[in-house]
Amino acid sequence: MTVGTGDGIQPDCYVAIAGAVSQCRAHGADCAVELAPGSYIVACPAVPRSSSAMIEGPAVALDGLADFVLRGALGSPAPELLVDYTNGGCGAIVARDSRNVTVQHLKIDALRLPFTVGIVSAATPTAVSFQPEEDARDRPGVYVWDTARYPWLNGALIDSFVVPPGERAVRERASWGGTTALHTSVVDNSTGLVQLHFADANPLRAQLRSGQRMYILHFENMQSWGVHGHNVSAMRVLGVALYSVSGMGYRCDLCTGRYSLLDSTIAIRPGSLRPLSITADGIHFMHHSGPIEVRGCSVQAQGDDGFNVHTNFVVLDDLKADLPGSNRTVGYIDETGPGWLTAFEEHIIGDRVEFYSRRTLQKLGQNTIVAASVDRLSFADPLPDGLKRYDMLLSLDRVASVEIEDSFFGNSNARGLVLSTVNASIKGCTFANLSLPGVIFLEGGCGAIAGDYTEGPFSANVTVSNNQFISTASVNSGFPNKITNAAQLQIGACVPIGEC
């Protein structure tokens with residue numbers, strides 16, 4: 001079934017697209033929704049939040065589907081979804097609890113960006129006046145600073161700094177307004193100038209000069225991801241171009257089977273002057289079981305890692321030094337739950353896990369999870385003797401293999417690839433203009449102090465061949481161990497220093 005007429009920008013398309021998807025769901029397996037050429041504004045639906053960490057429902061929800069395709073009309077220019085963050089943010093295309101889902105031949109962008117760029121007019125320690133920069137030549141002045149439509153524009157800023165014309169936004173610059181910089185704003189309708197009035201005084205603001213180009217980041221990594229799968233078996237993303245979302249780009253959590261990302265891009269919108277594409281990781285997998293392939297793709301100018309794959313980083317909590325051998329239950333902290341919400345109580349019951357000493361990284365034994373809550377795990381057999389608080393466990397069942405070929409990762413202030421995986425092949429790729437390493441394989445318990453997380457599994461059986469590294473690891477990370485994040489290709493293996 002086809003949605004749209006192919007005539008220009010079509011507003012309020014949420015209901016039309018959702019209705020077509022519902023018809024496919026009723027039809028059963030083997031159904032497609034096709035978008036005619038054009039642009040479709042899709043607002044985030046206002047739905048009840050299940051917790052303070054959740055946000056509004058997705059702009060396009062692909063839930064409970066089998067053998068389903070969402071695509072732009074093939075043989076015509078790719079249609080564009082313009083996601084409207086009126087409620088603060090939402091996933092653009094989200095597939096949940098589905099099987100064999102394909103997303104093909106589409107462009108995705110935020111109607112109102114999760115960041116603002118403008119030219120400074122005047123500044124004091126408590127106020128900044130600036131002229132917002134028009135975003136794209138084909139969409140000039142689209143809701144640039146409309147606090148009635150986008151109340152989050154008056155929320156605390158994630159970051160803000162000066163960006164010279166033609167440069168990308170980089171985190172290393174001194175910020176004159178971060179997460180504690182509460183402010184109000186006033187728009188001069190006669191000139192279009194925006195005046196920000198801050199509750200705090202920051203001398204860095206007074207150093208801003210008239211004519212400088214300033215950058216404000218409103219959102220960094222919300223659950224406002226571009227194409228997101230959750231508990232999907234087999235997913236394909238083909239020929240998709242992603243320009244901006246307030247979070248990660250292509251992501252799958254707790255997915256199984258083959259995930260294919262082919263001939264797709266993350267890039268600054270053509271014709272715009274944006275210093276950034278999306279605000280967080282380009283491609284991200286968590287708790288994936290099965291093969292992942294990325295071929296013929298390009299990830300550029302994103303706010304964080306180009307590619308990241310891992311399972312869980314779970315540390316044991318609520319433990320005594322001498323744990324009785326008959327104990328089968330333990331408290332835990334899941335550092336990497338999907339969207340920062342643990343998945344154990346819902347999805348990971350039945351997983352085989354391996355315990356590791358956080359001090360030595362040696363194996364301490366295996367077990368099987370039989371029950372879970374948000375903070376406790378129960379196991380089939382007694383826990384190993386000698387477990388310590390903050391020792392860790394890694395799933396043996398949720399392990400991804402990775403093939404990345406003929407792809408580009410670059411023009412970012414982050415890392416190219418970060419892999420915690422078994423059986424990985426990186427071939428024929430280019431890594432260019434990265435402030436941190438092009439490729440990192442994690443194999444240790446370094447923790448965040450070294451710039452890496454122990455997310456598991458420990459990497460093994462790795463092939464890296466015929467790749468180019470051009471100006472990568474160009475910025476000292478500033479971590480205590482100066483060699484960390486200073487290599488083109490880094491294999492991390494270490495244990496924490498001191499007591500855990």
Side-chain angles (χ1 to χ4, degrees), residues 1-4 13-14 16-18 20-25 29-40 42 57-83 90-110 223-245 247-267 277-278 281-285 288 290-299 307 407:
M1 53 197 70
T2 300
V3 175
C13 296
Y14 174 82
I17 296 175
V21 173
S22 294
Q23 290 182 49
C24 266
R25 188 178 298 109
D30 196 16
C31 188
V33 171
E34 186 170 277
L35 302 183
S39 296
Y40 299 80
V42 186
V60 178
L62 309 179
D63 297 352
L65 297 164
D67 303 319
F68 174 82
V69 179
L70 173 67
R71 65 173 176 246
L74 302 178
S76 302
E80 181 174 42
L81 289 177
L82 299 174
V83 183
C90 67
I93 299 172
V94 181
R96 294 175 293 205
D97 304 321
S98 296
R99 174 176 56 83
N100 195 20
V101 172
T102 298
V103 179
Q104 183 178 12
H105 193 51
L106 294 170
K107 296 184 288 187
I108 301 171
D109 200 1
Q223 294 181 58
S224 302
W225 303 319
V227 180
H228 179 211
H230 182 95
N231 193 34
V232 175
S233 175
M235 188 165 182
R236 302 168 74 233
V237 179
L238 313 174
V240 174
L242 182 55
Y243 298 136
S244 184
V245 293
M248 297 181 184
Y250 306 106
R251 174 165 176 155
C252 222
D253 297 322
L254 299 153
C255 297
T256 59
R258 177 171 291 275
Y259 183 102
S260 300
L261 181 64
L262 308 176
D263 301 318
S264 295
T265 63
I266 294 174
S277 56
I278 67 174
D281 289 1
I283 307 166
H284 195 107
F285 295 89
H288 187 88
I292 296 168
E293 61 172 335
V294 177
R295 304 182 195 277
C297 294
S298 176
V299 178
F307 178 100
S407 296

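It should be emphasised that the depicted structure is a prediction, and the values quoted were computed from it without experimental measurement.
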Under the 3.5 angstrom rule, does the side chain of Y250 hit a backbone N or O of T265 as a donor-acceptor pair? yes
Under 3.5 Å donor-acceptor, H228 side chain and A92 backbone: no
List the atom pairs, with distances to 0.1 Å, where a side-chain N or O of residues 235-245 and a protein N or O form a donor-acceptor pair under 3.5 Å, not counting sequence neighbours.
| unit_1 | atom_1 | unit_2 | atom_2 | d |
| --- | --- | --- | --- | --- |
| S244 | OG | S277 | O | 3.4 |

Any salt bridge linking D263 with R295? Criterion: basic side-chain nitrogen under 4.0 Å from a carboxylate oxygen. no
Between K107 and D109, does at least one N-O distance fall below 4.0 Å, as a salt bridge requires? no
Measure across [X] and [Y] and return the closest heavy-atom pair with its distance rounded to 0.1 Å.
| X | Y | result |
| --- | --- | --- |
| P77 | P37 | O-CB, 4.0 Å |
| C255 | H230 | SG-N, 4.2 Å |
| M248 | W225 | N-CD1, 2.7 Å |
| A59 | Y14 | O-CD1, 3.1 Å |
| P79 | A36 | CB-O, 3.3 Å |
| S98 | L65 | OG-N, 3.0 Å |

Between [atom1] on residue [X] and [atom2] on residue [Y], distance to nearest 0.5 Å:
| X | Y | atom1 | atom2 | result |
| --- | --- | --- | --- | --- |
| C297 | F307 | SG | CZ | 10.5 Å |
| R251 | H284 | CZ | NE2 | 4.5 Å |
| D253 | R96 | CG | CZ | 12.0 Å |
| F68 | C24 | CZ | SG | 5.0 Å |
| I17 | L35 | CD1 | CG | 5.0 Å |
| S233 | L254 | OG | CG | 12.5 Å |

Can you confirm whether [X] sits close enough to [Y] that some side-chain heavy atom of one is under 4.5 Å from a side-chain heavy atom of the other?
| X | Y | result |
| --- | --- | --- |
| P291 | Y259 | no |
| L74 | Q104 | yes |
| E80 | Y40 | no |

Which residues pass the side-chain hydrogen bond (donor to acceptor under 3.5 Å, both in side chains) test with T102, not counting sequence neighbours? none
Are V33 and R71 close enough, and set up right, to give a side-chain contact (heavy atoms from CB on, under 4.5 Å), and what steps lead you there? CA-CA 6 Å; V33 171; R71 65 173 176 246; over 6 Å; no
Give me the one residue out of V294, I283, I278 that meets side chain to side chain contact (heavy atoms under 4.5 Å, CB included) with V299. I283
Under the criterion side-chain contact (heavy atoms from CB on, under 4.5 Å), I'd like the reasoning laid out for L106 against I93: C-alpha separation, chi angles, the key distance, then a yes or no. CA-CA 11 Å; L106 294 170; I93 299 172; 3.9 Å; yes
Around atom CG of D97, are there more than 12 heavy atoms from other residues, nucleotides or ligands closer than 6.0 Å? yes
Apply the test side-chain contact (heavy atoms from CB on, under 4.5 Å) to residues R99 and D67: give CA-CA distance (whole Å), side-chain angles for both, the deciding distance (0.1 Å), then the verdict. CA-CA 6 Å; R99 174 176 56 83; D67 303 319; 3.5 Å; yes
Output, in order, the C-alpha distance, side-chain angles, deciding distance and verdict of side-chain contact (heavy atoms from CB on, under 4.5 Å) for V227 and I108. CA-CA 9 Å; V227 180; I108 301 171; 3.7 Å; yes
